[in-house]
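Notes follow the structure.
Basis for what follows: all heavy atoms, side chains included, without hydrogens, waters or symmetry-related copies. None of the values given here were measured: they were computed from a predicted structure. Along the sequence shown, residues carry numbers from 1.
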Amino acid sequence: MVGNRVSQVIDIPADMLVIDDSTDDRYWASVERVVDLAREKGRAADGVPLLATLAITHPEWPVRAGAVRLLAEHHAGDPAADTAVAASTHDTVDWVAFTALKVITEYRIAAAVPDLIRISGWPSNFTKPGWARKPVGCGAALTKRALISVFGTRDPAELRRLEDEYFSDMRARIEAARTRPRRNADVVLVPGGPAIIGAIEESDAFRMLTDDLSLSAVDVPAFHIDRTTVTNARYREFLEEVGDSGEFDHPDQPEERSHRPAHWHDPRFNAPGQPVVGIDWYDGYAFAKWAGGSLPSEHQWEKAARGTDGRRFPWGDEWDPARVNYVERAFGENVADLDSLEALLVTVEQGESPARPVLAADALPEGASPYGVLQTSGNVWELTRTNFYTGEDMDPFFKGRHPLDFMNRKDAFHVLRGGTWTSPPACLTTFYRGKDLITDRHMEVGFRCVYEAAG
């Protein structure tokens, strides 16, 4: 259940940003002046964008609260106005949130229901006789009153019926998205059952960190997975069909950005049959949703690459450079340890070196996994939906923030799997775990999708 967010704001007029805080009286007088200006400019039908912007972004909270009330007084029922009022229930200053809750009660703004339920829980529960609850503050009490007002009853049974009715459309849309037809016939079935995950590994000459590994057996339900990584040809279909509609975007995706890959015009990476690279986690999420699937979990990816016998590489336990595209094949030079690897990698040049780093997505079939999945070792790293630190599905909440603000947060890093054309053998095992920042776009990273298995 996703709450309301204001996706577009406008520039606030300069005269509405002038606040005199030299004394209490002058402060409140200047706030009143700005709110009066907001009423004058925002009461007409075309005033919603201004009032919504003030409600969400004005630096002074009394102005935000005033704009919330003006939105309800003059524009209740307008979808953009209702969205801004609902979003204001999450303002960091209590009285802005309280004002939003009060006007939602007064004007029975139904669009706010998802936001209110996220705060207080389901009204069909908290209205039950004897329902246990923690002591409430003003916010909780105002939220519950708002829900009762919107639904128009305190009867738990009737509330449950109305809740189901309210969310029926949302459930239908979720189900439609979940059951969206698969946009790829070239998939492999990975049967359900146990899988060996992780390893007990000692560091080698490349000194790749392995202390995040543990050996375990897990049960992985059946699923389908793309036989190859997503190619430029498939990704072009996505771009041409979806454009900038945002229909399949993650709710947290940064605003005003394109899904076009960063290296779309580099001839070394843009052949139709090559894996698409230069995409970030949000791009992979949107494509997978469009394709009727999702990014694989870390466990799904490892089982698809490894089978059930715990093998070290997709083809077996012995290293075989003929089966994989890795650093020595890509650069045409031998590397013996971390120092020689790094000395080679710093020779990379935009558009020039190495000349042919990435192979076609269906190359080297002799390196296939036990299920016939290609290139789960080398060629390009592959995105997963798993957080590197928690092992849970990614749940980003960074919209509107610069990567510098979250680049040290653990919840901003997803797992990469499989190694790439710059990798030494240590990174090409079925169990090696890489990581990347959720917004980074690299010429070494691609992805594939997984899909539900029928039955």
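Under the 4.5 Å side-chain criterion, counting only non-hydrogen atoms from C-beta, Val35 is not in contact with Arg69. The shortest side-chain heavy-atom distance between Glu60 and Asp21 does not fall under the 4.5 Å cut-off.
The two residues Pro296 and Val450 have their closest heavy-atom pair at CB-CG1, 3.4 Å. Here the closest heavy-atom approach between residue Arg33 and residue Val18 is recorded as NH2-O, 2.8 Å. Closest non-hydrogen pair, Leu54 versus Ala38, comes out as CD1-CB, 3.6 Å. Residue Phe167 comes nearest to Pro114 through the heavy atom pair CE2-CG, 4.1 Å, listed as atom of the first residue, atom of the second, then distance. Of all the heavy atoms in Leu116 and Thr143, the pair that sits closest is O-CG2, 3.4 Å. Summarising the geometry of Ser297 relative to Thr384, their closest heavy-atom pair is C-CB, 4.4 Å, with the distance given to 0.1 Å.
For Asp219, the CG atom counts as densely surrounded, since its 6.0 Å shell holds more than 12 non-hydrogen atoms of other residues, nucleotides or ligands. Dense packing is recorded around CZ of Arg268, with more than 12 heavy atoms of other residues, nucleotides or ligands lying under 6.0 Å away. Open room surrounds CG on Asp11; 12 or fewer heavy atoms of other groups in view lie less than 6.0 Å from it. At most 12 heavy atoms of other shown residues, nucleotides or ligands fall within 6.0 angstrom of atom CD in Glu32.
Aromatic pair Phe238/Phe248: ring centres not closer than 6.0 Å. For Tyr282 and Tyr285, the gap between ring centers reaches or exceeds 6.0 Å.
Put simply, the side chain of Thr99 gets close to the backbone of Trp95: a donor and an acceptor are under 3.5 Å apart. Between the side chain of His259 and the backbone N or O of Tyr235, no donor-acceptor pair lies under 3.5 Å. One N or O on the side chain of Arg433 and one on the backbone of Phe388 form a donor-acceptor pair closer than 3.5 Å. Checking side-chain atoms of Glu302 against main-chain N and O of Gly198 turns up a donor-acceptor pair under 3.5 Å. Remark: side-chain polar atoms of Tyr451 are not paired, donor with acceptor, to backbone N or O of Ala291 under 3.5 angstrom. A donor-acceptor pair under 3.5 Å is formed between the side chain of Lys303 and the backbone N or O of Pro191. Side-chain atoms of Ser377 never come within 3.5 Å of backbone atoms of Pro314 as a donor-acceptor pair (strictly under, hydrogens ignored). Here the side chain of Ser88 pairs no donor or acceptor atom with the backbone of Asp91 at under 3.5 angstrom. In terms of modelled atom types and a separation under 3.5 Å, the side chain of Gln375 and the main chain of Val380 share no donor-acceptor contact. Panel note: side chain Thr229, backbone Phe447; no donor-acceptor pair is recorded below 3.5 Å.
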Legend entry - Val277 and His442: CA distance, side-chain angles, deciding distance, side-chain contact (heavy atoms from CB on, under 4.5 Å) verdict: CA-CA 7 Å; Val277 296; His442 296 296; over 6 Å; no
Inset, instruction - Determine, step by step, whether Arg356 and Trp421 satisfy the side-chain contact (heavy atoms from CB on, under 4.5 Å) criterion, reporting the C-alpha distance in whole Å, the side-chain angles of both residues, the deciding distance to 0.1 Å, and the verdict. - result: CA-CA 10 Å; Arg356 289 179 293 277; Trp421 55 270; over 6 Å; no
Inset, instruction - Take Thr422 and Glu444 through the side-chain hydrogen bond (donor to acceptor under 3.5 Å, both in side chains) test and state the conclusion after the steps. - result: CA-CA 8 Å; Thr422 60; Glu444 303 153 293; 2.6 Å; yes
Inset, instruction - Could you please spell out the steps behind the side-chain contact (heavy atoms from CB on, under 4.5 Å) verdict for Asp186 and Asp362? - result: CA-CA 11 Å; Asp186 189 12; Asp362 60 358; over 6 Å; no
Inset, instruction - Could you give me the CA-CA distance, side-chain angles and deciding distance for Glu165 and Leu162, then say whether side-chain contact (heavy atoms from CB on, under 4.5 Å) is met? - result: CA-CA 5 Å; Glu165 182 180 286; Leu162 292 170; 4.3 Å; yes
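Ion pairing of Asp36 with Arg39 is present here, as a side-chain N (NZ or NE/NH1/NH2) and a carboxylate O approach within less than 4.0 Å. With respect to the salt-bridge test (charged N to carboxylate O, under 4.0 angstrom), the residues Glu237 and Arg234 do not qualify.
Atom CG of Leu437 and atom CH2 of Trp281 lie 12.5 Å apart (nearest 0.5 Å). The CG atom of Leu50 lies 5.0 Å from the CD1 atom of Ile10; values are rounded to the nearest 0.5 Å. In this structure, His299 NE2 and Phe223 CZ are separated by 11.5 Å, a value rounded to the nearest 0.5 Å. Going from atom NZ of Lys289 over to atom SG of Cys449 covers 13.5 Å, rounded to the nearest 0.5 Å.
Of the candidates Asp82, Leu70, Val48, Val85, His75 forms a side chain to side chain contact (heavy atoms under 4.5 Å, CB included) with just one, namely Val48. Under the side chain to side chain donor-acceptor pair (under 3.5 Å) rule, Arg385 has a single partner from Gln300, Glu298, Glu392, which is Gln300. When the options Leu239, Asn270, Asp266 are evaluated for a side chain to side chain contact (heavy atoms under 4.5 Å, CB included) with Pro261, the one that passes is Leu239. If you run side chain to side chain donor-acceptor pair (under 3.5 Å) between Arg257 and each of Asp249, Asp283, Thr439, Asp244, only Asp283 comes through.
Between the side chains of Asn184 and His224, no donor-acceptor pair of N or O atoms lies under 3.5 Å. When only modelled atom types and interatomic distance are considered, Trp122 and Glu163 share no side-chain donor-acceptor pair under 3.5 Å. A donor atom on one side chain and an acceptor atom on the other are found under 3.5 Å apart for Ser22 and Asp20.
Using a 30° and 60° split on the angle between ring planes, Phe151 and Tyr166 fall in the perpendicular class, above 60°.
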